[in-house]
Amino acid sequence: MTKELISILLTAILTQNFVLAKFLGICPFLGVSKKLNTAVGMSAAVIFVMALATAVTYPINKFLLVKLDLEYLQTIVFILVIAALVQLVEIILKKYMPALYNALGIYLPLITTNCAVLGVVILNVDSGYNFAQSMFNSVGAGLGFMLAMVMFAGVRERLDSCEVPKFMQGLPITLVAASLVSVSFLGFTGIVENIFG
Amino acid sequence: MSSIIIAVVIVAAIGLIAGLGLAIASQVFAVPVDETEVKVRECLPGANCGACGYTGCDGYAGALAKGETKECNLCIPGGNDTAQAIAGILGLAAGEIVPQVAAVMCQGNNMNVEEKLEYSGVKSCKIATQLFGGPKNCVHGCIGFGDCVEVCPYEAIFICDGVARINPDKCRACKMCIKTCPRHLIDLFPLDVAKAAVLCKNHDKGAQTRKQCKAGCIGCMKCVKACPAEAVKVENFCAKVDYDKCIGCGECHAVCPVGAIDIFEIKKHF
């Protein structure tokens, strides 16, 4: 059981990395990875929201949608629930934890309807995970997002001090760098299966 | 048909619950907001430049509303109008702001200064100045890579012939460039009055300055002797004008052998 959960966690972080293997959540990946501290703030918010979203959508799916044969409503219901939930959390944080609220700042509302957050809850359902497995998968996905963001922030800070040909400056070279980082993550293929297989 | 109705009802119910929950939460967990602070914040320009000495417009508004400071005239970009508006809200005396603009005190352009090395590193004054004192011969003058251009929130600074210049129409005297310039070449200069300005900050001895820049102050003291108001002093081989004493007569400009001192009358056109 424990072995299986760790296997799910590592798979979500490395081989099935949400940004670099599944290409979900590309817009924050390109948008907020310019500096290391914003990248870390964004990733922390993503981990938080992913775990929270899974914890809430799992019972809704299992006890409401599946019971009533309404699985096709998953996308719309999940978006609704996640958006409302994050708003609620934001209000509560503002009242009781202003420091955390200021640290997460704009990133919390930014990721409410992010495709990576929605993607992880839908994929949990599609993979038939139970609650513990879903939670490990979500946290792993969040950690994978953080790994990709932090690594890529480092790459971009290096890019800033490089002389890039004029036609490649800005987004083009960023996308090239992103694809190279993505390719490098292919190296993890099979590694988790070999460890736990 | 009934399945559609169930689906609609379910989504509507979830939406309603979420909406009601948020509405209640926003009331229950509401954070009290200081109304004076919001009003004061609305008067401030919102550039977050830090010229007032606080972290930004929010910080200054908070300090005023809480009574930590009674000075309404700290916002230089906002000028007298802002000071009066804040004073009106808080019931304090507005105080006066002497209108000023920033000016770059250097004439070390491409005609006056030659380059001593070919610099191909990062285009930043702060970094370039660490490599043998920058690419130009004068180690006190403007490097012209535009650290100030980037930091200016009003886009008032531009580079002309390798030296930064400030458009007085756009400058709001927020001091961001003054804090940024690694050579400390930018000063605030009084607006709408004629004053003498020393366009050099080279503190090397005269002979050395002469080799570095054609328009550098050589500390010859002619301006000090010529000044009828005793407003000019020479410290460390470089002239300095006391703007309070200067009457803008132009005697110093007439005698300066290198043209390092000039009479400025900066006006805003709109």
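A quick note: this is a predicted structure, and the numbers were derived from the prediction, not measured. Chain letters run A, B, ... following the sequence lines, proteins first and then strands; every chain starts at 1.
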Bottom line for S124(B): the part with an atom under 4.5 Å from chain A's heavy atoms is neither
Answer with side chain, backbone, both or neither: which region of I10(B) has an atom nearer than 4.5 Å to a non-hydrogen atom of chain A?
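The side chain, not the backbone.
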Chain B contact via [X] - side chain, backbone, both or neither, heavy atoms under 4.5 Å:
X      : result
L70(A) : side chain
L64(A) : side chain
L68(A) : side chain

Rounding to 0.5 Å, atoms CD1 (I14(B)) and CG (L73(A)) come to a distance of 8.0 Å
Here the gap from S26(B) atom OG to K94(A) atom NZ, rounded to the nearest 0.5 Å, amounts to 10.5 Å
Might you confirm whether atom [atom1] of [X] has over 12 heavy atoms from other residues, nucleotides or ligands at distances under 6.0 Å?
X       : atom1 : value
K62(A)  : NZ    : no
F132(B) : CZ    : no
K201(B) : NZ    : yes
E71(A)  : CD    : yes
Q169(A) : CD    : yes
L175(A) : CG    : yes

Between L88(A) and G21(B) the two heavy atoms that sit nearest each other are CD1-O, 4.5 Å
